[in-house]
Amino acid sequence: MRKFIKYGLSGLIILIVSINYFWTPFEKTPVQLSLENHFKSLEEQIAKDAVWTAETVFKVGVLDDGTNRTGYAQYVCQVLSEKGLDNTWVQIVDIVKLSRDGEWVKLGDYRCNKF
């Protein structure tokens, strides 16, 4: 038991230090906040929720209707591009799975690039 506690505790400490070292929180820009709010609003009928999970990763939650949502991710890229955010990875995720199970199930994605 002591061995487990010794190695288990040191493993936990390494994990915590690693997370703090590699995970860098970021402050959302006013444009990012505006886009997040836009996709949470009734203006976007397909989107149910939206969040920036990193500086260049934007996740939009939708209801899974069984279709591939890459086309919707491309549309989201167009909206982001209009606001000057061209280098973003848009991921469309199943909002029900996320809410119920905490799983980020990707239904489609697109990497926005400036043309």
Side-chain angles (χ1 to χ4, degrees):
M1 183 68 164
R2 282 186 178 164
K3 199 176 212 181
F4 174 76
I5 292 172
K6 178 182 175 186
Y7 293 115
L9 185 57
S10 62
L12 181 61
I13 290 170
I14 291 170
L15 177 65
I16 291 170
V17 170
S18 297
I19 289 171
N20 287 331
Y21 179 76
F22 290 109
W23 181 71
T24 309
F26 70 99
E27 191 171 323
K28 296 174 190 173
T29 67
V31 172
Q32 288 174 318
L33 289 170
S34 171
L35 287 163
E36 200 173 82
N37 290 331
H38 172 76
F39 280 93
K40 289 179 180 182
S41 75
L42 297 177
E43 293 178 58
E44 293 292 337
Q45 294 180 0
I46 295 174
K48 303 301 176 198
D49 201 355
V51 65
W52 291 92
T53 57
E55 288 181 55
T56 59
V57 179
F58 187 54
K59 296 185 181 185
V60 179
V62 301
L63 297 174
D64 184 5
D65 65 0
T67 62
N68 183 300
R69 296 302 182 101
T70 298
Y72 185 62
Q74 289 174 321
Y75 161 74
V76 173
C77 280
Q78 288 176 341
V79 175
L80 271 58
S81 181
E82 290 171 5
K83 300 291 185 181
L85 299 177
D86 296 310
N87 296 314
T88 304
W89 183 17
V90 172
Q91 297 178 16
I92 308 302
V93 298
D94 183 339
I95 191 69
V96 174
K97 289 264 189 190
L98 180 59
S99 299
R100 186 181 60 210
D101 304 327
E103 293 181 49
W104 293 91
V105 176
K106 193 169 35 168
L107 303 175
D109 69 320
Y110 195 77
R111 293 187 186 268
C112 314
N113 295 311
K114 189 172 186 174
F115 298 102

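The structure displayed is predicted, hence computed values, not measured ones.
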Spell out, yes or no, whether [X] and [Y] are grouped together once hydrophobic residues are joined by side-chain heavy atoms under 4.5 Å, including indirect joins.
X      : Y     : answer
Tyr110 : Val57 : no
Leu35  : Val51 : no
Val93  : Phe39 : no

*asked:* For Trp52, is there any backbone N or O sitting under 3.5 Å from a side-chain donor or acceptor partner on Glu36?
replied: yes
*So, Gln32 side chain and Glu55 main chain: donor-acceptor pair closer than 3.5 Å or not?*
yes
_Among Asn113, Thr88, Asp86, exactly one meets side-chain hydrogen bond (donor to acceptor under 3.5 Å, both in side chains) together with Ser81. Which residue is that?_
Asp86
Taking all atoms of both residues into account, what is the closest heavy-atom pair of [X] and [Y], and its distance?
X     : Y     : result
Val60 : Ala47 : CG1-CB, 3.6 Å
Arg69 : Leu63 : NH2-O, 3.1 Å
Val90 : Leu80 : CG2-CD2, 4.2 Å
Ala50 : Lys40 : O-CE, 3.0 Å

*asked:* Under the side chain to side chain contact (heavy atoms under 4.5 Å, CB included) test against Lys48, which residue among Leu98, Ile95, Val96 passes?
replied: Ile95
_Inter-residue atom distance Ile92.CD1 - Leu107.CG, 0.5 Å rounding_ = 8.0 Å
_Atom pair CD (Glu44) and CG (Asp49), whose distance is rounded to the nearest 0.5 Å_ = 13.0 Å
*Counting only heavy atoms not in Lys28, do more than 12 fall under 6.0 Å of its NZ?*
yes
*Can you pull the ring-ring contact (aromatic ring centres under 6.0 Å, His included) pairs that have at least one residue in residues 74-107, sequence neighbours excluded?*
Tyr72-Tyr75
